[in-house]
Engineer: 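I am attaching a structure below and will ask some questions about it afterwards.
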Amino acid sequence: MPELPEVETVRAGLEPRLVGRRLERVEILDPRLTRPVEPAGVAAELEGERVAALGRRGKYLIVRFESRRVLLIHLRMTGQLLYANGDSPLAEDAHRRAVVRLDDGSDVIYRDVRRFGTWQLLEPDELDQYLAERLGGEPLIRAFTSKRLAEALAGRRAPVKAVLLDQRRVAGVGNIYADEALWRAGIHPLRPAAELEADEVAALRRGIRAALRAGIARRGATLSNYRTSDGSRGTMQEEFKVYGRACQPCERCGTPVEKIRAAGRGTWYCPLCQPRSPAP
DNA sequence: TTGGCGTCCTGGAGGC
DNA sequence: TGCCTCCAGGACGCCA
């Protein structure tokens with residue numbers, strides 16, 4: 001499940017390969033990818049565009065063209081962007097959803113087993129509003145302060161885990177890094193968000209940033225489908241503190257990690273380090 | 001306005 | 001061995 005660290009790893013891997021290159025041929029093989037716009041129309045619009053920059057906001061990859069138009073890519077659950085120079089074993093892959101031939105003869109292949117991913121071609125004036133309507137604070141920039149996080153949590157009776165998964169509150173955090181951040185902060189995932197004290201919000205901010213930075217440093221977490229742009233696996237899954245570790249001892253206190261359901265998602269936490277009620 | 005649930009989608013695991 | 005059911009989850013729409 002690509003979250004912020006995985007998307008950032010893909011972005012960093014593709015940036016030197018893509019920037020400055022012209023899209024010579026674009027094949028979109030899955031009509032779902034560009035819904036509601038016809039894929040043939042999007043492909044035709046993309047051909048001839050030259051890449052000016054490759055950015056990221058939350059879990060979105062932002063391909064900026066010299067024309068100032070933007071291709072917004074979301075990998076959702078199982079999307080992969082793979083760079084191939086020469087013969088690729090993916091040539092006959094059943095899960096290829098799009099193939100982009102660059103003007104140096106190399107390919108960028110979009111693969112997506114569950115077909116949730118999306119490609120959207122936006123005009124220059126559409127991007128800012130599109131992202132502003134969907135995304136909250138970017139957690140790794142200086143402006144993501146404890147005050148900003150407290151504002152995102154304020155008035156929310158929902159479990160803090162659910163609020164962290166809401167991209168309109170905090171951009172880029174998904175199920176894995178929400179659990180890891182809450183463990184680092186010592187906060188139970190079912191605590192109502194608005195009940196967190198100021199010191200807990202500060203700890204949560206530090207936990208979010210530390211978990212995401214660890215993920216980037218390890219090139220993301222490969223549980224099943226995620227791969228970097230060169231097809232290799234991330235190693236963050238070897239560093240998980242709680243995610244997917246039910247019944248295994250907590251690294252801090254040795255208490256077995258428990259699994260519950262929060263916000264409709266599998267959720268792992270340490271019942272001792274992350275008490276249901278805050279310490280008096 | 002808020003929170004919870006269903007939907008989309010497919011591969012893999014487990015049970016029979 | 002083959003079939004069936006359940007589970008995984010990001011974003012979005014719908015409903016209470």
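The basis for the numbers below is simple: all heavy atoms, side chains too, and nothing from hydrogens, waters or symmetry mates. Letters A, B, ... are given to chains in the order of the sequence lines, protein chains preceding strands, and every chain is numbered from 1.
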Engineer: Can you name the residues that form a ring pair (Phe, Tyr, Trp, His ring centres under 6.0 Å) with Trp183(A), not counting sequence neighbours?
Structural biologist: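 For Trp183(A) there are no ring pair (Phe, Tyr, Trp, His ring centres under 6.0 Å) partners, ignoring immediate neighbours.
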Engineer: So that I can tick it off, tell me whether Glu123(A) and Arg69(A) are bridged by a salt bridge, with the cut-off set at under 4.0 angstrom between side-chain N and carboxylate O.
Structural biologist: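 So Arg69(A) pairs with Glu123(A) through a salt bridge.
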Engineer: Within the 4.0 Å limit for protein heavy atoms, which parts of nucleotides 10-16 of chain C are touched? Write it as a string from 5' to 3', B for base, S for sugar-phosphate only, - for none.
Structural biologist: BBS----
Engineer: Output side-chain donor-acceptor pairs under 3.5 Å for residues 70-77 of chain A, partner residues at least two apart or in another chain, one line each.
Structural biologist:
unit_1, atom_1, unit_2, atom_2, d
His74(A), ND1, Arg76(A), N, 2.9

Engineer: With sequence neighbours excluded, give me every ring-ring contact (aromatic ring centres under 6.0 Å, His included) pair touching residues 185-218 of chain A.
Structural biologist: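 Passing the test, one end in residues 185-218 of chain A: His188(A)-Tyr269(A).
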Engineer: Output all residues satisfying side chain to side chain contact (heavy atoms under 4.5 Å, CB included) with Arg68(A), sequence neighbours left out; order by chain, then residue number.
Structural biologist: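 With sequence neighbours excluded, Arg68(A) shows a side chain to side chain contact (heavy atoms under 4.5 Å, CB included) to Pro124(A), given in chain and number order.
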Engineer: CH2 of Trp268(A) versus C1' of dC7(C): gap in Å, rounded?
Structural biologist: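 To the nearest whole Å, that distance equals 11 Å.
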Engineer: Could you list, one pair per line, each protein nitrogen or oxygen that sits under 3.5 Å from a nitrogen or oxygen of nucleotides 1-4 of chain B, together with the distance?
Structural biologist:
unit_1, atom_1, unit_2, atom_2, d
dG3(B), OP1, Arg157(A), N, 2.6
dG3(B), OP1, Ala158(A), N, 2.9
dG3(B), OP2, Arg156(A), NE, 3.2
dG3(B), OP2, Arg156(A), NH2, 2.7

Engineer: To the nearest Å, give me how far apart CD (Gln80(A)) and P (dG11(B)) are.
Structural biologist: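 Value for this atom pair: 13 Å.
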Engineer: Ring pair (Phe, Tyr, Trp, His ring centres under 6.0 Å) with His95(A): which residues, sequence neighbours excluded?
Structural biologist: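 Ring pair (Phe, Tyr, Trp, His ring centres under 6.0 Å) list for His95(A), sorted by chain: empty.
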Engineer: Any pair with a residue in residues 250-272 of chain A that passes salt bridge (charged side-chain N to carboxylate O under 4.0 Å, His left out), sequence neighbours left out, goes on the list, sorted by first then second residue, please.
Structural biologist: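 As it turns out, the salt bridge (charged side-chain N to carboxylate O under 4.0 Å, His left out) pairs with a partner in residues 250-272 of chain A, which skip direct neighbours, are Lys241(A)-Glu251(A).
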Engineer: Just N and O in the side chain of Tyr243(A): are any of them under 4.0 Å from OP1 or OP2 of dG9(C)?
Structural biologist: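 For dG9(C), OP1 or OP2 has a side-chain N or O of Tyr243(A) closer than 4.0 Å.
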Engineer: Quick check on dA8(C): is either OP1 or OP2 less than 4.0 Å from any side-chain nitrogen or oxygen of Arg261(A)?
Structural biologist: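 True: Arg261(A) side-chain N/O within range (under 4.0 Å) of dA8(C) OP1/OP2.
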Engineer: Taking any heavy-atom pair under 4.0 Å as a contact, classify Lys259(A): base, sugar-phosphate, or nothing.
Structural biologist: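 Sugar-phosphate, backbone atoms only, no base.
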Engineer: List for me each residue that meets ring pair (Phe, Tyr, Trp, His ring centres under 6.0 Å) alongside Phe240(A), sequence neighbours excluded, and say none if there are none.
Structural biologist: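 Result, ring pair (Phe, Tyr, Trp, His ring centres under 6.0 Å) vs Phe240(A): Tyr243(A).
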